[in-house]
Amino acid sequence: MDLDRFTDDTPADDAPGGARVCVVAAQTETFERCRQGFYPSPESYDRTTEPFDYMAFYRTAPVSAVTHYAPVTARTDQTRGGPGPMDADDWAALIDPFSETDNVVVFELDDLVPLEAPVENDQHGLRGAWYCAIDDLRTADTLSALAATATT
C-alpha cells in the first residue's frame, strides 16, 4: 500500500477527467526524479512532440503498477553539459543506460498525485508511451483494461 496518498500534503486527484495523459514506465531512479519534478526523454522519442498535459508513471518496482500522475508544467530542451534541470549524475542514471543521445526533452512536473487505486500489471508491463484520458487511469484496474482505451 502506498501510504504517501494519506499524508496531509498529498495533492488531490482533481485533474479534469478528459485531460490527455502520457503513461510511461519509470524505474526506481527515474521515479525519484519525478518526485523531484522532472522526467527526461531522448528528443527522438515520439512523446516529446505529442500533445498532453499530464504524465502518469508505471513503476517497474516495487509495485509493477501505474501509481501516480503529475501535471506537466514545462518542456525544456537540454543538451548534455548544458543548462537545464538535469546534472551529470541524472544523465548517467536516466539516459546513458537507454540511449546514446546528447539531447533530451525534460518534462517538468508539478507534484505527483497518487491514484486512488493503482493500475496493476497483469501482462508484460508497459513499454514506450501510452496515451489515454485521466478518467481511463481512474477506472482501469489492470494494464490490460488500460490498453483497451489507450493509444500508442
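This is a predicted model, so every value here is computed, not measured.
The distance from the CZ atom of Arg47 to the CZ atom of Arg75 is 11.0 Å, given to the nearest 0.5 Å. If you take CH2 on Trp91 and OG on Ser99, they are separated by 8.5 Å, rounding to the nearest 0.5 Å. From Arg138, atom CZ reaches atom CG of Asp13 across 4.0 Å, with rounding to the nearest 0.5 Å. Distance CE/Met86 to OG1/Thr76: 11.5 Å, rounded to 0.5 Å.
For the side-chain contact (heavy atoms from CB on, under 4.5 Å) test with Cys22, the passing option among Tyr69, Tyr131, Phe107 is Tyr131; the others fail.
Atom CD of Glu100 has 12 or fewer heavy atoms from other residues, nucleotides or ligands within 6.0 Å. In the displayed structure, Asp46 atom CG is contacted under 6.0 Å by at most 12 heavy atoms of other residues, nucleotides or ligands.
Of all the heavy atoms in Thr48 and Ser41, the pair that sits closest is CG2-OG, 3.7 Å.
Looking only at distances, no side-chain donor or acceptor of Thr73 sits under 3.5 Å from a matching main-chain atom of Asp110.
Side chains of Pro16 and Ile134 form no contact here, defined as non-hydrogen atoms less than 4.5 Å apart. Counting heavy atoms from C-beta on, the side chains of Asp136 and Leu146 come closer than 4.5 Å. By the 4.5 Å heavy-atom criterion applied to side chains, Val63 and Pro118 are not counted as neighbours. Two residues are said to be in side-chain contact when any heavy atoms from C-beta on lie closer than 4.5 Å; Ile95 and Pro40 meet this criterion. Contact annotation: the side chain of Leu112 approaches that of Phe31 to within less than 4.5 Å [non-hydrogen atoms, C-beta and beyond].
Taking the six-membered ring for Trp and thresholds of 30 and 60 degrees, Tyr39 and Phe57 have ring planes inclined between 30 and 60 degrees apart.
Inspection of the Thr101 and Glu43 side chains reveals no N or O donor paired with an N or O acceptor under 3.5 Å. A donor-acceptor contact closer than 3.5 angstrom links the side chains of Ser64 and Tyr58.
A salt bridge links Arg80 to Asp96: one of the charged nitrogens lies within less than 4.0 Å of a carboxylate oxygen.
Aromatic ring centroids of Tyr45 and Phe98 lie 6.0 Å or more apart.
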